[in-house]
Structure formats: structure tokens, C-alpha cells
There are 2 protein chains.
Amino acid sequence: MVSDAESAPVFAKPVTLREVAVSAGVSVATASKALNGQGRMTAETRERIRETARLLGFRPNSLAQSLLRRRSFTVGLLTNDTYGRFSLPLMAGVSDALVDNGVSVFLCNVEDDTRLGQLHVEAMLDKRVDGIIATGKRIDRHLPVDLANLRVPVVYAFTQPDAGAVGFVSDDADGARLAVEHFCRLGRRRIAHVSGPASFAVVNTRAGAYRAVLQENNLPAIEPLLGAWSEAWGHEAVAKLFGGRGERPDAVFCGNDQIARGVIDALRERGIRVPDEVGVIGFDNWEIVAEATRPPLTSVDMNLASLGREAGLALLSLVDGQPAAPGIRKLPCRLVVRQSCGSPPE
Amino acid sequence: MVSDAESAPVFAKPVTLREVAVSAGVSVATASKALNGQGRMTAETRERIRETARLLGFRPNSLAQSLLRRRSFTVGLLTNDTYGRFSLPLMAGVSDALVDNGVSVFLCNVEDDTRLGQLHVEAMLDKRVDGIIATGKRIDRHLPVDLANLRVPVVYAFTQPDAGAVGFVSDDADGARLAVEHFCRLGRRRIAHVSGPASFAVVNTRAGAYRAVLQENNLPAIEPLLGAWSEAWGHEAVAKLFGGRGERPDAVFCGNDQIARGVIDALRERGIRVPDEVGVIGFDNWEIVAEATRPPLTSVDMNLASLGREAGLALLSLVDGQPAAPGIRKLPCRLVVRQSCGSPPE
DNA sequence: CCCAACTGAGAAAACCTTTTCCCAACCCTT
DNA sequence: AAGGGTTGGGAAAAGGTTTTCTCAGTTGGG
């Protein structure tokens, strides 16, 4: 006869430490100590308890442990760009660093909604997260949430930290340098720069480094072309750079990969060969774009995953009570060379 | 004089129910009941306790509540595609549905690593998640983790469910129909289909629906061209379709947006006008691609966010003990019309 | 005036684990 | 044989909340 209970899935009740203790014929205290390698008892007793626990499939209830230890091995990841391409590798890095330490991550997407943000933060605090990592879609903007004076440590990654806090961002000047210096080494002499809107801090940072490298190498200064982060702007910029009668660039350093793609497509449409006549380097190393351009795009990678990892580890040591000097730490970029920038001259 | 304590941030201790009770001059029991609207007491007492709690900034400790209620208001989101473009809107939907119900989400990226997957699942179970949502990058593959016979309910979204489980996927046949029927309505007569590898179930599903619609409309059958999910394959396919001396298609339905972009670019390079001479429709509605094609790409959207939302709500009702019929539920797609498919004939 | 019913609130158990303190038994020394 | 140290293990508190049970006092009806 089949019982009614079978019609709905019935979920097994977890086995508790008490049950292990009873089954092994000891007290819960002893059982706890046996499993945690604490206290004193005969090796035989300890082993018997462990075996019993194994047999019963005992797993300690983290909730109870956390309640007692005042440490939940849980952190919150707050972002207003959960589904953008910057946050993703960054979140992967954070997650990696934490998971290796037995810490789980609450993902909270707050969009640009202050109310939603506060809601999430309070929910996380109620759930006794050990700390919070804040990430965003822009290095030069604050999240729409006030994270100062929380009762847990906060680390910022790829977003503007509050005063006195710890933050990690990419070193955009370094990234731009990497690209422009690479062009110099390849013997390019007229290097242009096409980037996004001037309202982005990174646009100015990168443009500054671009100018500096040109000067250091005694190359002609070309005023950076600032526009949008789009392919369309890449097309437009090529029209400006290559449409006139003036001397043409032999290299274009682009503010992101989409602009770079637009530039490459526009150059091809004008019959200008990449990389033979003009080299192109992008920024972000967004693989799906960089590998689809013809030829595949050399691009600056911001190492967002390691940035996330660093942030995760920093938070962990903060949680452990290690003080950390406040301030923004810049992490270096990396140039991923593909085929759009040409080979060194023989 | 500045105390040493100021050098390191010291985090305020949360206030407990006991403190509220003492402060209001009642027992913890009464305080609890006052705040939860339970029990019986004078309106005056209740109000006084509430006011005290508000003043003290009392927030109940979720850990303690969860321990008692055997319900943590926490679920795990398991994915092997955390950082791919399918999971993202899906996760947003899941998250939305759950957050509205006060449930937090543990994000777990298991890649294709069975060991890592089991580790994550056990960690979540230890943390007493109320349920688990499994999502992946392919509708026709299982996650590398065994989620059958867990002690919590599991719902699958955009990944193959285990036997007897509840799963949600997009209705790819519906999506393909939407696209091909749209072409038919626009008066296109020779509709080609360029898609990904035959090893993907969706490729066959969509190709099947494509053939069916052609037949229903008495249009000539053209054997689908199966290749890769890339722009390059789109170029190649155009060479095959438009390179010979045979009759040329006047519409191409593509298996994803990248192929579609390749097709559109290749057509332009051949001087074939889109949408005047050939209409193109993509699949996935990956906005960043769809909006960068020239002209912007009409594409089938799988409504992944609502798929995620449905999955979240289904899990919630499962957690509440409402039984759900096992099986795969297919959710309809939606055609997002841009400019690559042309207007209806006058 | 007595009993029943109701009212407002508290005591205590429960959830599960960890840790401190304590105790009984044993061994050794003098 | 008495005193002290050691050994193996248990009792109980703690962590913060919810819920059931209990109870003293008050009100109402007969």
C-alpha cells in the first residue's frame, strides 16, 4: 500500500548533534568536542563519535553556529550593475576569493534605487552578513546607498568609496600607457585617441596618460576625440580622422572595444588596411567583441576578476579584525595582444 | 585625548529584543508579541513597546528567527553560466521575484566542476536555504550536480530538470514561429535559416518550427544551414546562400544575434540592401548587438527575466508546501521589431 | 456571594551548537 | 592511606527569538 505522503515530496529532516550524541552514547558536549577536535577524551571515543556522525550524515546547522559565533560566513555583494559586463568578471573574482574561504555571497542588485538599496542593506544586516562589498558600473560614481557607519566592514570595488573606506579600482592611466607605449614600440608615429564622453573620469585619466606618453616619445599631440561609447561613434571618428586632407594617423587607441570595432569596420569600408596601414587597440578586452572584429582586436584588460578577488580578500581580513589603511588602491591593467595592432618592424 | 579605540573602526553591537523588553519594562515574550502583532495586551502596552523598539533601532536577528522557524528566507541560485548573457537576465528575474518576498539569494557559480558544485550545494544546505534554483547556459544540458533527493525543493530554469522536478524553459518553437511568420506576413517568399551546431537541442527545435511554418504557408523549403554561433559563420553562410547562381533568399532567420550580425555585415559587403532586398531576424535579442547592427536588428526575445521570475515564484510556493506538478513548462517568446526585417508591403 | 469566563502578561521550552566550568574516578607519590 | 594531579566526560549557559502554557486578577451572570 502506498501512503499518501508519497504524493508530495517529503523532505528529510536534517540530523542534529543531539541525535549523534544519543546514538554514540555520549553527551552533546562531548559530541561537539569530538567533531571539532576540541576537549579531551580517549581516541576511541572520539573516533566512535565521528563514525556515528558520518553514518548519520550529520552536518552542523550553520544558523546555530553563526548565532553563537556572531559570524555568519556570509557577505553581501551590492551592485547597481548586476547584469553589465564589468560587474560580471568582478563578481566572479569576489565570489572565487570568498568561496575558497567557505564564505557564501548574497547577491543584491540595487539598480539606482536608493530605497531598494537601503532595503537590501538592512536585509543583509538582519541576516548578519560579516561584511559588504559594493561594486558599480562606474569607477567615478557612488552607489545610491549610504554604507558609512554600518556595523560591518565595507569594501568598494570598481566604484567610488566613501570617505575613509577601502576601495579597489583599475589603474586606467596604466592601461592607457600600456596601449600607447605598445604602439610606440611598434614604430607608430601618429597615434590618435578616440574615447567616450568627457563626463566619465576614466576618459580624462586615459586621455591624460595618452598625452603623456606621446610627449615622452616626442610624438605629435593629437587632440583626443571624445564622443560616445558606441560603434557608431567609432565610425564617426574615423570620418573625422581620415576624411580630411591632413596627415592621417597610423594608429588609433580607442576608449572601449565597441568604439574600436566601429573604427575597424569604418577603416575597412574606406579600404584602409588594419593593421598594415593603421593599428587599433581597444579597452576592456570584452572577448566577445574583441574576437569578432576583423582582425581580432588587441585590447587593454582591466583584470577585473583579480580586482574582485583583491576586494574579497581585503574584506575578509577586515572581518578578521585586521585593520586596513583606507584609500583607493589601483590595480594594474594588462595588454592582450591580438592582430589589430601589427607586429614590430623588422 | 583620543582613545586608541578610534584608530580601528569599532562596529556597534546590534540591540536585542531583551534590551527592548527591559527598556519597556516588560518580558521578552511580551515584547516579541507586541512587535509581531501576536498575543493579547492593552493597546497602550503594545504601542509603548513598539515605540521603544523604534527608538532603540531594534532589528530582529534573522539567524535566531530562522533557527526557530526552520525557514531562512534565503535561497540558493546555482548556475554554471554566472557570467554569460543568458543567465544574467534570468538571474535578475529570479532575484526580483524573491526580493519582493523578502528572500535573499545566494549566488553560486559552479562552472562545470562537479566537486565545486557539491561543495556549494552542501554549503547552502548547511546554511539552511529554503530552496534552490538551478540555471545553466544550455537548455538541453544538466548541471554537473545532482540535485535530486535534496531536503529542500529545487526548481530548474533554462537548464534540463532532473526527473520528477519542475522546470521552466523558453518555447523555442514559438520563438522561431514568431520570426518566420513575421517574414511571411511581410510578404517574404524565400526564407532561409542559418543557425548554430546541430548538437544543440534548440537548433533542431527552431529548425523544425521554421520548416513547419514554411510548409503551412506553401513556401519553398530551404535546408537550414547549421554551423557555429559566430559572426564568422554568418559571413560564411551568406557566401553559400548568395554566392551561387541559384535563386536568392529574400529573408534570413538566424539562430542568434551574432550570426545575424555576420549575415547583415556580409550582405552589406556584397552590396545587398537590408531590409530592402533581404530581411534579417536574429534570436536572443541581445541588445548590445541588436542595436549596433546596421540597420538595427529585429530579434526574438526569450523573455528570460520573466522566465526567472516564474521560476522564483514557483520555488516560493513549493517552499510554502504547495505541491506543484512536475514537468517542463515552456514560456512564450516575443518578437522585438527593429529595422532589419522591413515594413509590410503597401 | 460564588463560579465561570475572560484579560493581560510572564515563565519556560524550543531551535542547535559551542564552550566554560565542574566532577568523579583513577594514578602516583610520600 | 592521604593528598594532589590527571583524565574522560557531562551539565549548563549562551546566542536571540517565538510560542505555548500558565496564572493572577477582573468582570459578568445567576
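The chains referred to below are lettered A, B, ... by the order of the sequence lines, with proteins before strands, and numbering in each begins at 1. Predicted, not measured: the structure shown is a model, and the values here were computed from it.
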- Query: Just how far, in rounded Å, is C1' of C:dT17 from CZ of A:Arg59?
  - Reply: 15 Å

- Between C:dG8, D:dT17, C:dC16, which one does the side chain of B:Leu68 approach most closely? D:dT17

- Message: If I take atom CZ in residue A:Arg69 and atom P in nucleotide C:dT20, what distance separates them, rounded to the nearest angstrom?
- Response: 13 Å

- Using the closest heavy atom to pick a nucleotide of DNA chain C for each, name whichever of B:Arg128 or B:Met41 lands nearer the 5' end. B:Met41

- Message: Rounded to whole Å, please give me the gap between CZ in A:Phe73 and C1' in C:dT17.
- Response: 14 Å

- Message: Is there a side-chain contact between B:Gln65 and the phosphate of D:dG16, meaning an N or O under 4.0 Å from OP1 or OP2?
- Response: no

- Message: Under 4.0 Å from OP1 or OP2 of C:dG8: is there any side-chain N or O of B:Thr45 that close?
- Response: no

- Query: Roughly, in whole Å, what's the span from CD in A:Gln38 to C1' in D:dT7?
  - Reply: 17 Å

- Message: In whole Å, I'd like the distance from the CG atom of B:Leu67 to the P atom of C:dC15.
- Response: 9 Å

- Query: Under 3.5 Å, is there an N or O donor on one side and an acceptor on the other linking the side chain of A:Lys33 and the base of D:dG10?
  - Reply: yes

- Is the ring centre of A:Tyr156 less than 6.0 Å from the ring centre of A:Phe168? no

- Message: Given B:Pro144, which partner from the list B:Leu116, B:Val110, B:Asp113 fulfils the side chain to side chain contact (heavy atoms under 4.5 Å, CB included) test?
- Response: B:Val110

- Message: Check this one for me: any side-chain N or O of B:Asn36 less than 4.0 Å away from OP1 or OP2 of D:dT18?
- Response: yes

- Message: Go through it in stages, so that I can follow the logic: the residues are A:Phe86 and A:Phe158, the test is ring-ring contact (aromatic ring centres under 6.0 Å, His included), and I'd like the CA-CA distance, side-chain angles, deciding distance and then a yes or no.
- Response: CA-CA 9 Å; A:Phe86 297 129; A:Phe158 206 72; 5.6 Å; yes

- How many Å lie between CG on B:Leu35 and C1' on D:dT18, as a whole number? 12 Å

- Taking atom C1' of C:dA9 as reference, at what distance in whole Å does atom CD of B:Glu44 sit? 13 Å

- Identify whether any heavy atom of B:Ser66 sits under 4.0 Å from a base atom; if not, whether one sits that close to sugar-phosphate; answer base, sugar-phosphate or nothing. nothing

- Could you pick out which residue, A:Ala31 or A:Arg40, lies toward the 5' side of DNA chain D when each is mapped onto its nearest nucleotide? A:Arg40

- Would you please confirm or rule out a distance under 4.0 Å between OP1 or OP2 of C:dA9 and any side-chain N or O of B:Thr30? no

- Query: Does A:Arg309 pair with A:Asp100 as a salt bridge, N-O distance under 4.0 Å?
  - Reply: no

- Task: Could you tell me whether B:Ser32 contacts a base, only the sugar-phosphate backbone, or nothing, with contacts defined as non-hydrogen atoms closer than 4.0 Å?
- Result: base

- Item | N/O (side chain, B:Thr42) to phosphate O (OP1/OP2, C:dT7) under 4.0 Å | no

- Is any side-chain N or O of A:Thr16 closer than 4.0 Å to OP1 or OP2 of C:dC15? no

- Round to a whole Å and report the spacing from CG of B:Asn61 to P of D:dT17. 6 Å

- Note on the structure: Closest to the 5' end of DNA chain D, once B:Ala64 and B:Ala29 are matched to their nearest nucleotides, is B:Ala64

- Message: I'd like to know if the side chain of B:Lys127 pairs up with that of A:Ser104 as donor and acceptor (distance under 3.5 Å, no hydrogens or angles considered).
- Response: yes

- Query: Have A:Ser62 and B:Asp126 got a donor and an acceptor in their side chains that come within less than 3.5 Å?
  - Reply: no

- Task: Among the candidates C:dT18, D:dA11, D:dG8, find the nucleotide nearest to the side-chain atoms of A:Leu17.
- Result: C:dT18

